Amino acid sequence: MIFDTHAHYDDDAFDEDREEIIKALIESDVKRIVNVGANLKTSQNSIDLANKYDLFYAAVGVHPDDCDEVDDAGIDALRKMCEEKRVVAIGEIGLDYYWHKDNPDIQKSAFIRQIELAKELSLPIIVHSREAARDTMDILSEHAAGKVGGVIHCFSYSPEIAVEAIKMGFYIGVGGVVTFKNAKKLKETVERIPLEKIVLETDCPYLAPTPFRAKRNSSLYLEYVVDEIALLKGTDAETVKEITYKNALEMYRLSE
Ligand code: NI
């Protein structure tokens, strides 16, 4: 069984055949998916998907792209959304200095406010962090985010940062990138950290694994990610699926 801990099936890229893909997923080895919000609108979309299909759960949160939404009204809207039964996390939230270099203070404030909301509601967080390793780790530590834990999604930093995040109480999200030939650092990270701290994710429609690189991704392709992790860990695909599934249940506080 496969647990996709991070997907965006409400994305336009699925408008033409969403129903068909979801039908294929229901018949596949993919048993649970968390659809992740990136702003107030896509957070609500995620709840709608989770209310419609048993396969889905929802995460609600505002990504650094839309950090202007995180004012008092934005936080209230998120808090209200979390009353929905199928909301399992706050995310994706974090810092992105790759796409946005000009507003670090606004990004930090939005990140911190959403961490505080997660702590208030005892929900794990899904952290998006790009070219912002030090600030991300400092904020997580200063705001005791390890109390709620969660995942550093689409992990792109050094093995040392992964070890630091795990010590703090976080899982490491691994997806299609691990299959890329040039993903040396991520392969090294996977080798170095325990399988018990890895969760699978697609971030679909983005980041399809080899041999579908640059095409539209879906949870069906997680088989390729599983195979690569199995290779790196010197184990078999079934073990990778079983352990990462258990990790994801624990991370999102779901029962079997
Ligand atoms: Ni995402």
Side-chain angles (χ1 to χ4, degrees), residues 2-15 18 21-22 25 30 32-50 55-67 69-70 78 81 86-100 107 110-111 114-115 118 123-133 136 140 149-157 165 170-180 183 186 198-209 212-222 225 244 248 251-252:
I2 289 179
F3 195 137
D4 185 351
T5 61
H6 190 125
H8 304 282
Y9 281 100
D10 59 309
D11 193 277
D12 296 348
F14 294 106
D15 279 354
R18 185 173 293 107
I21 291 224
I22 292 173
L25 288 168
V30 179
R32 303 193 201 208
I33 300 171
V34 173
N35 203 80
V36 179
N39 56 38
L40 295 177
K41 182 171 175 288
T42 55
S43 293
Q44 184 58 50
N45 292 347
S46 299
I47 292 173
D48 294 345
L49 262 179
L55 179 65
F56 286 97
Y57 296 87
V60 302
V62 178
H63 182 284
D65 278 354
D66 285 305
C67 55
E69 284 188 357
V70 188
L78 290 173
M81 288 185 205
R86 295 185 70 80
V87 172
V88 294
I90 298 283
E92 49 191 294
I93 63 176
L95 303 174
D96 194 321
Y97 299 164
Y98 178 80
W99 289 110
H100 310 284
Q107 289 191 47
F111 186 26
Q114 293 180 96
I115 291 172
L123 286 170
I125 58 176
I126 299 168
V127 178
H128 169 104
S129 179
R130 201 156 171 208
E131 292 189 8
T136 301
L140 291 175
V151 58
I152 314 297
H153 126 80
C154 193
F155 188 83
S156 61
Y157 298 134
F170 287 88
Y171 289 87
I172 302 301
V174 178
V177 174
V178 78
T179 67
F180 300 170
L186 182 59
I198 295 175
V199 291
L200 301 177
E201 61 169 49
T202 51
D203 206 17
C204 66
Y206 311 106
L207 299 173
F212 305 103
R213 192 169 178 175
K215 300 219 170 81
R216 184 182 72 176
N217 197 5
S218 94
S219 314
L220 295 170
Y221 297 162
L222 276 174
V225 175
T244 55
M251 178 172 94
Y252 287 133

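We're numbering straight along the sequence, starting at 1. Being a predicted model, the structure only gives us computed values, none of them experimental. Whatever order the structure lists them in is the order used to number ligands and atoms, beginning at 1.
- Between Glu201 and His153, the side chains place a donor N or O and an acceptor N or O closer than 3.5 Å (distance only, hydrogens not considered).
- Note on His6: its N/O/S atom closest to the Ni ion (ligand 1) is NE2.
- At a cut-off of 2.8 Å, His153 is not counted among the residues with an N, O or S atom near the Ni ion (ligand 1).
- Counting just the N/O/S atoms of Glu92, the one with the shortest distance to the Ni ion (ligand 1) is named OE2.
- In this model, a donor atom of one side chain and an acceptor atom of the other lie less than 3.5 Å apart for Asp4 and Thr202.
- The name of the N, O or S atom in Asp203 nearest to the Ni ion (ligand 1) is OD1.
- Of the possible donor and acceptor atoms, one in the side chain of Tyr157 sits under 3.5 Å from a partner among the backbone N and O of Ala133.
- Residue contacts to the Ni ion (ligand 1): Cys154 brings no N, O or S atom closer than 2.8 Å.
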(message) Walk me through whether Tyr57 and Tyr252 qualify under ring-ring contact (aromatic ring centres under 6.0 Å, His included).
(response) CA-CA 10 Å; Tyr57 296 87; Tyr252 287 133; 8.0 Å; no

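- Checking side-chain atoms of Glu69 against main-chain N and O of Asn39 turns up no donor-acceptor pair under 3.5 Å.
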